[in-house]
Amino acid sequence: MARMKFLCDAERCIECNGCVTACKNENEVPWGVNRRRVVTINDGVVGAEKSISVACMHCSDAPCMAVCPVDCFYKTEDGVVLHDKDLCIGCGYCFYACPFGAPQFPQAGAFGLRGKMDKCTFCAGGPEPDRSEAEFQKYGRNRLSEGKLPACAEMCSTKALLGGDGDVIADIYRERVLRRGRGADLWGWSSAYGVKPGAQPPVQQPAPTSGKS
């Protein structure tokens, strides 16, 4: 069974926000909620600024699941972390636990009460029947059930944002590193997917050149 993961190649992201727009168009998320956003790291540091696309990383050991007092989170066979809005009480614990700021809460007003939590679903819908109207209204389009990848990753013009089988996207990134002779720190990969000591993350050093002169 595939283990779904996200990877953002900071060497390729051009901060076009195409992924953000694709997500909003595909899922018709509530006003004021951004399931995906593009942020700048090392802002203002000459030569070190990088842009990355950030959303729920669907962590292997998701902290949002650990702190939710009503157990509204669950994980699919593909490793996608989803939630049940009918169970959510809007307490906000998941927001404070998430290292990526993924959980979003629509506000009734500037000082209003929080509503039901919303976040990236990896375009995998929710607990309602696949591709049903109820599922779309609460969670957006279920592209995975249609055999498609998340809209954000498919729309990325530079293929900086990759989403899909973790082994496949790791191989893609490894090939890029070998081809260009360098890699960038994969922001969030170790935090989300818990690279264990001795395991090989997708970043590798370029292969040694032949000794022939």
Side-chain angles (χ1 to χ4, degrees), residues 4-8 13 15-41 43 51-76 78-128 133-144 149-156 160-161 163 187-189 191-193:
M4 296 297 176
K5 298 181 180 181
F6 276 126
L7 182 153
C8 185
C13 182
E15 203 175 353
C16 68
N17 281 280
C19 55
V20 178
T21 303
C23 178
K24 281 186 172 291
N25 287 343
E26 193 77 352
N27 298 299
E28 298 183 11
V29 297
W31 181 258
V33 169
N34 290 304
R35 290 184 175 180
R36 180 166 290 281
R37 63 197 187 281
V38 177
V39 301
T40 301
I41 56 178
D43 192 13
S51 294
I52 52 173
S53 180
V54 181
C56 175
M57 294 289 281
H58 303 276
C59 302
S60 299
D61 185 17
C64 56
M65 297 181 70
V67 300
C68 180
V70 294
D71 294 326
C72 77
F73 291 94
Y74 64 99
K75 188 176 292 187
T76 70
D78 293 323
V80 178
V81 177
L82 299 177
H83 68 293
D84 188 335
K85 288 191 175 183
D86 291 336
L87 294 178
C88 176
I89 58 174
C91 66
Y93 286 6
C94 56
F95 176 81
Y96 294 107
C98 178
F100 308 107
Q104 304 284 301
F105 291 88
Q107 300 284 337
F111 303 99
L113 299 175
R114 280 193 291 259
K116 300 287 187 178
M117 189 273 285
D118 190 276
K119 76 172 188 68
C120 160
T121 64
F122 210 90
C123 285
E128 277 74 11
E133 182 62 26
E135 181 185 53
F136 180 78
Q137 290 298 324
K138 290 182 181 179
Y139 308 99
R141 186 173 171 187
N142 190 338
R143 291 173 58 92
L144 257 60
L149 293 175
C152 55
E154 285 202 351
M155 188 59 66
C156 182
L161 180 61
W187 187 87
W189 181 277
S191 297
Y193 308 126

query = Do other residues, nucleotides or ligands put more than 12 heavy atoms under 6.0 Å from Phe136 CZ?
reply = yes
key: Close side-chain approach of Pro63 to Val67, heavy-atom, < 4.5 Å   = no
inquiry  = Using side-chain heavy atoms (C-beta onward) and a distance below 4.5 Å, is Pro127 in contact with Tyr139?
reply    = yes
key: Side-chain touch Val54/Val38, heavy atoms, less than 4.5 angstrom   = no
ask   = If only atom types and distance count, is the side chain of Lys119 paired as donor or acceptor with the main-chain N or O of Val81 below 3.5 Å?
value = yes
key: Nearest-0.5 Å distance, CE of residue Met117 to SG of residue Cys64   = 6.5 Å
task = For side-chain contact (heavy atoms from CB on, under 4.5 Å), just list the numbers for Val70 and Cys88, CA-CA rounded to whole Å, side-chain angles, deciding distance to a tenth of an Å, and then say yes or no.
result = CA-CA 7 Å; Val70 294; Cys88 176; 5.7 Å; no
request  = Say whether, by atom type as modelled, one donor and one acceptor occur between the side chain of Glu128 and the main chain of Gly125 under 3.5 angstrom.
outcome  = no
task = Tell me yes or no: between the side chains of Glu135 and Asn142, is some donor less than 3.5 Å from an acceptor?
result = yes
query = Just how far is it from atom SG of Cys98 to atom CD of Gln104, taken to the nearest 0.5 Å?
reply = 9.5 Å
key: More than 12 heavy atoms of other groups within 6.0 Å of Tyr74 OH   = yes
request  = Start with the C-alpha gap between Met155 and Asn25, add the side-chain angles, then the distance that decides, and say whether side-chain contact (heavy atoms from CB on, under 4.5 Å) holds.
outcome  = CA-CA 11 Å; Met155 188 59 66; Asn25 287 343; over 6 Å; no
remark   = In this structure, SG of Cys123 is separated from CG of Leu144 (nearest 0.5 Å) by 7.5 Å
task = Taking only Lys NZ, Arg NE, NH1 and NH2, and the carboxylate oxygens of Asp or Glu, determine whether Asp118 and Lys85 approach each other closer than 4.0 Å.
result = yes
ask   = Could you go step by step and tell me if Ser53 and Arg36 meet the side-chain contact (heavy atoms from CB on, under 4.5 Å) rule?
value = CA-CA 7 Å; Ser53 180; Arg36 180 166 290 281; 2.7 Å; yes
request  = Verify, without hydrogens or angle tests, whether Tyr193 (side chain) and Met57 (backbone) share a donor-acceptor contact under 3.5 angstrom.
outcome  = yes
key: Residue pair Phe6 / Cys120, side-chain heavy-atom distance below 4.5 Å   = yes
task = Measure the spacing between CE of Met4 and NZ of Lys75 and express it to the nearest 0.5 Å.
result = 14.0 Å
key: Contacts of Glu26 that satisfy side chain to side chain donor-acceptor pair (under 3.5 Å) - sequence neighbours left out   = Arg141, Arg143
query = Is there side-chain contact between Trp187 and Leu7, with heavy atoms separated by less than 4.5 Å?
reply = no
query = Hey, are the side chains of Phe73 and Cys94 touching, using non-hydrogen atoms and a 4.5 Å cut-off?
reply = yes
task = Decide yes or no for Val39 and Ile52: does some side-chain heavy atom of the first lie under 4.5 Å from some side-chain heavy atom of the second?
result = yes
key: Side chain to side chain, Ile89 and Pro69, heavy atoms closer than 4.5 Å   = yes
inquiry  = Check Lys138 with Asp86, please: is the shortest side-chain N to carboxylate O separation under 4.0 Å?
reply    = yes
